[in-house]
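Shown below is the structure under consideration.
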There are 2 protein chains.
Amino acid sequence: MAASTLSEVARLAGVSLATASRVLNGSSRKPAEDIAERVREAADKLGYVPNAQAQALAKSSSGLIGLVVHDIADPYFSAIARGVQEAARQQNRMVLLASTSGAPSDEKEAVAAFAARRADSIVIAGSRSVRAEDKQGNIELAAELDRYCRNGGHVGVVGHPVVGASITEGYHVVKVPNEELAAGLAAELAATHDGAFLIIAGPEGLYTSDDRVRGFQRGLEEAGKPAAEVIRTGFNRAGGYDAGAALAERIKSSPERLCIFAVNDVMAIGVTAALRPEGVWIPRDATIAGFDDIETLRDFRPALSTVHLPLEDIGRLAAGDPDTPPVSGAVKLRRSTEIPAESQA
Amino acid sequence: MAASTLSEVARLAGVSLATASRVLNGSSRKPAEDIAERVREAADKLGYVPNAQAQALAKSSSGLIGLVVHDIADPYFSAIARGVQEAARQQNRMVLLASTSGAPSDEKEAVAAFAARRADSIVIAGSRSVRAEDKQGNIELAAELDRYCRNGGHVGVVGHPVVGASITEGYHVVKVPNEELAAGLAAELAATHDGAFLIIAGPEGLYTSDDRVRGFQRGLEEAGKPAAEVIRTGFNRAGGYDAGAALAERIKSSPERLCIFAVNDVMAIGVTAALRPEGVWIPRDATIAGFDDIETLRDFRPALSTVHLPLEDIGRLAAGDPDTPPVSGAVKLRRSTEIPAESQA
DNA sequence: CAATTCCGGGAAAGCGCTTGCCAACCCGGC
DNA sequence: GCCGGGTTGGCAAGCGCTTTCCCGGAATTG
């Protein structure tokens, strides 16, 4: 990667390095127009491309924003990524991407790499966890982030603060009202559903999952319903699928319709997918709701009830866009929780 | 972003800058173990994080790989992105992301930005176009890429070469046998479908779309079928939706079942989605096939016939992973093109 | 034991750019 | 005609790191 340099441009234009720099790379001091023109011509002729690394080094600001996601191909994360990307574009920055499959120790690596690249800010999406196996990783991640912040970095986290992080300076959490929204969902579902409720959750210790479970239970309680049974499984489609497969028999043999709440949409999709080949139909044999309102749902049948989250805005907020409104979700009841007419009577 | 520097570490450890560098940032010369240990301790105590920018500047190699996609939230692109990301991880690099919504002039901006950051290589995903309105943008993009390559950069393009690019050095095209695969799909569909065929394509001039149309027509011809009518629309879900909406009446009033080939999966999904509220059922009233086999299809009903493409591998290949096998697709016939039994007789 | 390698640490020259500071110059006003 | 003030270019000192080259001492050899 050897390209022509500023000093070559300066020489060709017959000016000093300083002048060339001032002309080409925005400075408060604007050289005279005739000189500027000469410099621009020279740059053009040489095909000069400024070396952003060198600029970053000299100005100590890289114009980079780091994004940590569990899996970029997951619609939840790619929606957030889109938001971050847009915010970055507006701020004239570039996005550095890291997929970590969710392990805090990998996230720590990613943060360290971003810090090494002197990213101006770092966005961490993906649920925080207090699970025992993540303990060590969390400590390291928190330490890495603290160091990064102490050195002047900004970090935006989606949902919950990183476990153990102690710095507040430069640390920004995009709050997602998971609990309230889940409670709201429970309330609306409780209004029409008479039977039992079942929650399919992620592993205990995952904040996002736990918050939604808690909220849903609270909503049920407030509606005067008994608490729902909770099944724990993976926080992704595969987890939902497994849970669904395990549930099919039970649903078929029970006379009462079950209302299932999967703590996120991909899990709800997994559940539904596992139920289908078993002959369990939604909403005929059971009703189901998810959470997130990922774009994929638009074309999923039966239309899935869920809680809408403005994922792109969340990304934008986490990336520090000031013009984005705060996060507000909304319950969306759709076909998957509509009790069929014949049995309502 | 001021962190502690290598020279601080060196001073604390009581060694020279050179030695510290050799200890901490992999060099061929390994200092003695006791000294190394001292340096490592000092680095640890100071929380030293090497400045990758400075390293890049000194070694002139940034460890960055730039990825240009139309839309990171599109499942096609996010699958490729995942592949690129994995390859990058293996090569110990980081991914720089740019979403451009498909305009060559934006892509040019992105490439320039990557070049400025001295990315070691650039991956461009997303169909190339020869449409008139993209002419100027294409020229500029090609010029930018040529310059980048001439300066020693590597570029990997998915599908077709960038229009007008003249450099071959460092220029790497991941070939996708769109035409052959589309022909294969046509052959398989022609074997069971008796009625007319219809192609829902992207705008004329989009290589990927054009290749698939050509291949499909050839397949039909080889099977002794008349050529299919071609409808042009947007190369995304919305385009498919529009086409589907426009088609509904016609399908309902025609006695003969139509076989629709949408040139990519999201378009096929769009078509299906538009048809559904009109009461047109797939495959009862018409059959439909897509192309790409995006992950979303797994949960789309009716199961969509398509052509499987190893999208992650494509990403990996474009990112220069040598261990990835060459691209080979496969026709996947599923429910959406199964002629219902009662009418087969 | 002297002559010759070998080895590992350090000094210093960059990598390409920004920017504080200085000197030169122009202008108008007295 | 001289001086103050305002511009405008250029010089040079970094930004944090790698790497070449040099040099002293230890190890090797005849």
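Chain letters run A, B, ... following the sequence lines, proteins first, then strands; residues in each count from 1.
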Give me the distances for all protein-to-nucleotides 19-27 of chain D N/O pairs that come in under 3.5 Å?
| unit_1 | atom_1 | unit_2 | atom_2 | d |
| --- | --- | --- | --- | --- |
| dC21(D) | N4 | R29(B) | NH1 | 3.2 |

Between C1' of dT18(D) and CZ of R118(B), the distance in whole Å: 18 Å
For residues 87-137 of chain A, which residue pairs qualify under ring-ring contact (aromatic ring centres under 6.0 Å, His included), counting only residues two or more places apart or in two chains? none
For R40(B), all residues meeting side chain to side chain contact (heavy atoms under 4.5 Å, CB included), sequence neighbours excluded: V23(B), L24(B), E33(B), A36(B), E37(B)
Identify, residue by residue, the members of residues 34-56 of chain B with a heavy atom below 4.0 Å from DNA chain C, and return them in order of residue number, or none. I35(B)
According to salt bridge (Lys or Arg N to Asp or Glu O under 4.0 Å), who are the partners of E41(B), at least two apart in sequence or on a separate chain? none
Between CG of L24(A) and P of dC17(C) the distance, given in whole Å, is 9 Å
Does Y207(B) have any ring pair (Phe, Tyr, Trp, His ring centres under 6.0 Å) partners at least two apart in sequence or in another chain, and if so, which? H160(B)
Once you build an axis from the first five pairs and another from the last five of the helix from dC1(C)-dG30(D) to dC30(C)-dG1(D), how far apart in angle are they, to 10 degrees? 50°
Nearest-0.5 Å distance, CG of residue L96(B) to CG of residue L67(B): 9.5 Å
With sequence neighbours left out, what residues match Y76(B) under ring pair (Phe, Tyr, Trp, His ring centres under 6.0 Å)? none
Does S99(B) have any side-chain hydrogen bond (donor to acceptor under 3.5 Å, both in side chains) partners at least two apart in sequence or in another chain, and if so, which? none
dG16(D), OP1 or OP2 - any side-chain N/O from T5(B) closer than 4.0 Å? no
Under 3.5 Å, which donor-acceptor pairs link side chains of residues 43-53 of chain A to any protein atom two or more places apart or in another chain?
| unit_1 | atom_1 | unit_2 | atom_2 | d |
| --- | --- | --- | --- | --- |
| N51(A) | OD1 | Q53(A) | N | 2.9 |
| N51(A) | OD1 | A54(A) | N | 3.1 |
| Q53(A) | NE2 | R117(B) | O | 2.8 |

Please state how far atom CG in L57(B) lies from atom P in dG16(D), giving the value in whole angstrom units. 12 Å
By side-chain hydrogen bond (donor to acceptor under 3.5 Å, both in side chains) - contacts of S16(B) (at least two apart): T19(B)
Salt bridge (Lys or Arg N to Asp or Glu O under 4.0 Å) contacts touching residues 69-90 of chain A (sequence neighbours left out): D71(A)-R82(B), R82(A)-E295(A), R82(A)-E312(A), R82(A)-D71(B), E86(A)-R316(A), R89(A)-D106(B)
